Amino acid sequence: MTSGIANKVVLITGGSTGIGAEVARTLAARGAKVAIAARRVDRLEAVRAEIAGRGDNIRAYGMDVTDKRQVNAVVESVVRDFGRLDVIINNAGIMPIRPMAEVNTDEWDAMIDVNLKGTLYGIAAALPLFLAQQSGHIINLSSVAGIKVFAPGGTVYSGTKFAVSAISEGLRMEVGKAVRITSIEPGAVDSDLKLGTTGTARDTVHGFYEQAIPASSVARAIAFAIEQPDDVDINAIVIRPTAQDF
């Protein structure tokens, strides 16, 4: 079904590592025109150079998803550089796991800013364009922690991901006749996400991630959602290791 992906212009936030980078590789290999955006410009450039070396159409943009002006500017740049935008994948996220009793409000603020506000800013930047052209696809990265609370330790993370899932469903109900909406809800995936835990839960998180599936598994799921015909909307995909019991 690559015809459903070929020549589509796709913007991926958090595109410098992990799921974002793997989605860029997968979609570019299937003929998409890919824009990747992230804060870590050196890693972003490495992904861009790798994919460009295979002759694929890709551009990279430095961007912090917590700054809505930057998100708006990147969407405008993608439209200017590629002529249009068909899909935005709000992938950027962080996951510092820590018991709430430790009251690390800096981590709470960061998760709200990146996971929740970052997703909303991506939606806000792309939605008017998609409504004007009466087509488009918004893909939000939630988590299995957005359908079942991950506790102890992941309570605030779960809160942000429950919100992403709820926003995705509400948005589908509001604009679904014109814009496709998909919530991707992964379990343990091999990426840098686990590295955000630096406190007392670090060993527990790293042990949990020993069962992780590769990021390419999630990339294939996202490709599946994108490649469907225009009258088919894949609303949610839960994907986890077979060994994961929640």
Side-chain angles (χ1 to χ4, degrees), residues 1-38 43-44 46-48 50-58 60 85-93 95 115 119 122 126 136-147 161 164-165 168-169 172 179-194 208-246:
M1 259 193 199
T2 55
S3 60
I5 294 177
N7 295 316
K8 282 189 174 178
V9 178
V10 183
L11 170 60
I12 306 165
T13 72
S16 61
T17 59
I19 291 173
E22 196 59 38
V23 171
R25 295 183 187 102
T26 297
L27 297 182
R30 299 188 187 195
K33 300 175 181 178
V34 177
I36 51 175
R43 293 192 179 189
L44 197 66
V47 175
R48 187 209 62 78
E50 172 201 339
I51 295 174
R54 298 199 299 266
D56 298 309
N57 198 344
I58 182 167
L85 177 64
D86 299 296
V87 183
I88 184 168
I89 302 175
N90 292 307
N91 165 73
M95 190 191 70
N115 300 351
T119 297
H137 195 168
I138 295 172
I139 300 176
N140 298 323
L141 266 291
S142 181
S143 169
V144 295
I147 54 178
K161 292 303 186 176
V164 169
S165 294
S168 299
E169 176 60 7
R172 181 195 69 80
V179 182
R180 299 198 294 179
I181 310 295
T182 302
S183 176
I184 303 292
E185 297 158 1
V189 176
D190 187 17
S191 72
D192 288 351
L193 196 63
K194 63 181 179 291
F208 175 77
Y209 270 80
E210 289 178 1
Q211 66 187 326
I213 56 177
S216 58
S217 300
V218 181
R220 289 193 301 271
I222 290 172
F224 172 75
I226 294 172
E227 70 189 359
Q228 299 306 307
D230 289 342
D231 62 347
V232 175
D233 193 1
I234 304 297
N235 303 135
I237 298 177
V238 179
I239 178 169
R240 55 161 71 91
T242 53
Q244 185 173 335
D245 57 7
F246 89 94

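Fair warning: this is a prediction, and the values are worked out from it, not measured in the lab.
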Residue pairs meeting salt bridge (Lys or Arg N to Asp or Glu O under 4.0 Å), one or both in residues 236-246, sequence neighbours left out, come to none
Heavy-atom closest pair (A92 atom, T13 atom, distance to 0.1 Å) is N-OG1, 3.1 Å
Closest non-hydrogen atoms of P241 and A188, given as atom of the first, atom of the second and distance, are CG-O, 3.5 Å
Tightest non-hydrogen contact, residues N90 and G122, listed as OD1-CA, 3.4 Å
Output for pair (S183 OG, I237 CD1), nearest 0.5 Å, gives 9.5 Å
### Message
Quick one, P186 and L141 - any side-chain contact, counting heavy atoms below 4.5 Å?
### Response
yes
Taking every heavy atom of I239 against every heavy atom of A221, the minimum-distance pair comes out as CD1-CB, 4.3 Å
Closest heavy-atom pair, S142 versus S165, reported as atoms and distance to 0.1 Å, is OG-OG, 2.7 Å
What pairs of donor and acceptor atoms, side-chain ones from residues 209-219 against any protein atom, are under 3.5 angstrom apart with sequence neighbours left out?
{"from": "Q211", "atom 1": "OE1", "to": "Q244", "atom 2": "N", "distance (Å)": "3.3"}
{"from": "Q211", "atom 1": "NE2", "to": "F208", "atom 2": "O", "distance (Å)": "3.2"}
{"from": "S217", "atom 1": "OG", "to": "P214", "atom 2": "O", "distance (Å)": "3.4"}

**Asked** Do I19 and L193 touch side chain to side chain, with heavy atoms closer than 4.5 Å?
**Response** no
| Got V23 and N91 here, is their nearest side-chain heavy-atom distance under 4.5 Å? | no
Notebook entry, point to check: Under the side-chain contact (heavy atoms from CB on, under 4.5 Å) criterion, do V34 and I51 qualify, and how do the steps go?
Noted result: CA-CA 10 Å; V34 177; I51 295 174; 5.7 Å; no
Item to complete: Would you kindly say whether N140 and T119 are connected by a side-chain donor-acceptor distance under 3.5 Å?
Response: no
The reported gap from CD1 in I139 to CD1 in I181 (rounded to nearest 0.5 angstrom) is 9.5 Å
For V232, is there any backbone N or O sitting under 3.5 Å from a side-chain donor or acceptor partner on R180? yes
Rounded to the nearest 0.5 angstrom, the CD-CD1 distance for Q228 and I5 is 9.5 Å
Rounding to 0.5 Å, atoms CD1 (I222) and CD1 (I89) come to a distance of 5.0 Å
For D86 and K8 the tightest heavy-atom approach is OD2-CA, 3.4 Å
OG1 of T17 to CG of L44, rounded to nearest 0.5 Å, is 9.5 Å
- Decide yes or no for V189 and E22: does some side-chain heavy atom of the first lie under 4.5 Å from some side-chain heavy atom of the second? no
Value for CG (N115) from NZ (K161), rounded to nearest 0.5 Å, stands at 4.5 Å
